[in-house]
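Note that ligands are numbered from 1 as they come in the structure, with each ligand's atoms numbered from 1 the same way.
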Amino acid sequence: MGGMDLLEKAVSGERLSEAEVLALFDLPLPELAAAAHEVRLQKTDPEVVTFLIDRNINYTNVCTVACSFCAFYRTRRQQDAYTLSFEEMAKKVEELYQVGGKRILMQGGVNPDLPLEWYLELLRYLKGRFPDLRIDAFSPEEILGLERLTGLRAEVLLERLKEAGLDGLPGAGAEILVDEVRLKAAPARIRTADWYRIMDAAQALGLYTLATMVIGFGEGKRERAAHLLGLRAQQEKALERYQNGFAAFALWTLQVEHTRLKGKAPGATAHEYLKTLAIARLALDNIAHFQASWPTLGFKVAQAALYYGADDFGSTMLEENVVSAAGGHGRTHATVRQIVRHIVDAGFRPAERDPLYRILRYPDPEAFLREPEPIELPLA
Ligand code: SF4
């Protein structure tokens with residue numbers, strides 16, 4: 001099948017085979033972009049680009065996994081190792097409420113000093129103080145850490161965490177879900193099968209989940225295609241069995257500036273990012289929403305991503321610490337005004353959504369942009 005036929009097939013909604021997904025990587029960027037944008041227009045409101053007001057809380061930086069691409073973690077003996085108190089976290093939630101957000105994305109290291117009861121108490125404490133707060137927290141890596149610590153299986157742990165107030169599991173820790181790539185980048189990192197096993201358990205319980213991908217470890221097109229096909233298969237299974245799959249797909253580029261991988265992993269250019277995003281839109285035919293990533297490549301590339309398959313500008317992420325510690329685009333968060341402005345400038349109508357992509361409101365850009373730039377939150 002020629003390149004144009006392949007793209008026509010994808011645009012018509014027909015599923016691409018493994019060989020066809022791989023063949024997409026050899027097609028020129030403009031054609032991939034046009035096809036990906038066409039699919040995006042078919043699957044989501046063509047005029048609208050959504051965004052979410054939320055806050056990251058990195059509850060501890062103590063971690064025993066020691067990924068070589070991570071500049072965030074500390075050993076428990078390092079001077080700047082920390083675990084936030086419940087009160088400190090409540091203060092951060094109060095700040096989020098002040099800017100109109102009701103969702104936190106809470107992640108940390110795999111800290112062996114924190115027992116399961118600490119997590120359960122934290123969730124109960126936050127939900128007790130903020131009943132309408134939505135808590136999407138803990139990556140599969142942290143759940144795996146709790147499995148090792150407690151001897152309990154993910155199904156049991158997630159059920160207890162859900163009872164205590166957990167709403168979902170962000171998809172961090174996926175990177176490239178091919179073990180050869182993972183072993184080279186971080187030997188102790190959660191393996192592919194465990195990442196899928198824990199996500200599957202979360203989906204079976206009705207929890208929110210996100211499909212993610214990070215490029216730039218030196219992986220080739222075969223590994224990138226395998227990652228996308230693995231996510232597609234999991235989504236198929238989750239939708240069929242639990243009617244609850246990944247809410248969206250998010251792609252970003254590896255940041256190595258302050259990490260041990262500097263000079264060893266190539267990272268990925270904006271061109272590669274946009275190309276992989278467009279291919280993902282064509283390959284992942286069972287995920288409706290695709291996020292543009294401004295923290296790693298900046299607002300301009302994120303605006304371009306809205307024409308390469310993305311229909312969402314991500315979230316405000318007040319106080320993102322993990323990607324930014326490794327380099328990033330020098331940006332740890334965005335104000336609502338900045339997000340609205342970049343969506344309008346790119347030619348779309350901004351809409352605030354919740355984590356499940358339900359529209360909450362359409363801010364009036366005219367009125368909104370006349371408002372002065374809000375004072376940014378003090379960052380811890
Ligand atoms: S990426 Fe996560 S698991 Fe790896 S060292 Fe950093 S905090 Fe730990």
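- Distances from ligand 1 to the non-hydrogen atoms of Arg189 include at least one value under 4.0 Å.
- At a heavy-atom distance under 4.0 Å, only side-chain atoms of Cys63, from C-beta outward, approach ligand 1.
- With Phe25 as the aromatic partner, Lys275 does not meet the cation-pi criteria of under 6.0 angstrom to the ring centre and within 45 degrees of the ring axis.
- Taking the six-membered ring for Trp and the full ring otherwise, the centers of Trp118 and Tyr59 sit less than 6.0 Å from each other.
- Neither the backbone nor the side chain of Ala186 comes within 4.0 Å of ligand 1, counting heavy atoms alone.
- Aromatic ring centres of Phe138 and Tyr119 lie closer together than 6.0 Å.
- Residue contacts to atom 6 (Fe) of ligand 1: Cys70 brings an N, O or S atom closer than 2.8 Å.
- Between Phe290 and Tyr308, the distance separating the two ring centers is not shorter than 6.0 angstrom.
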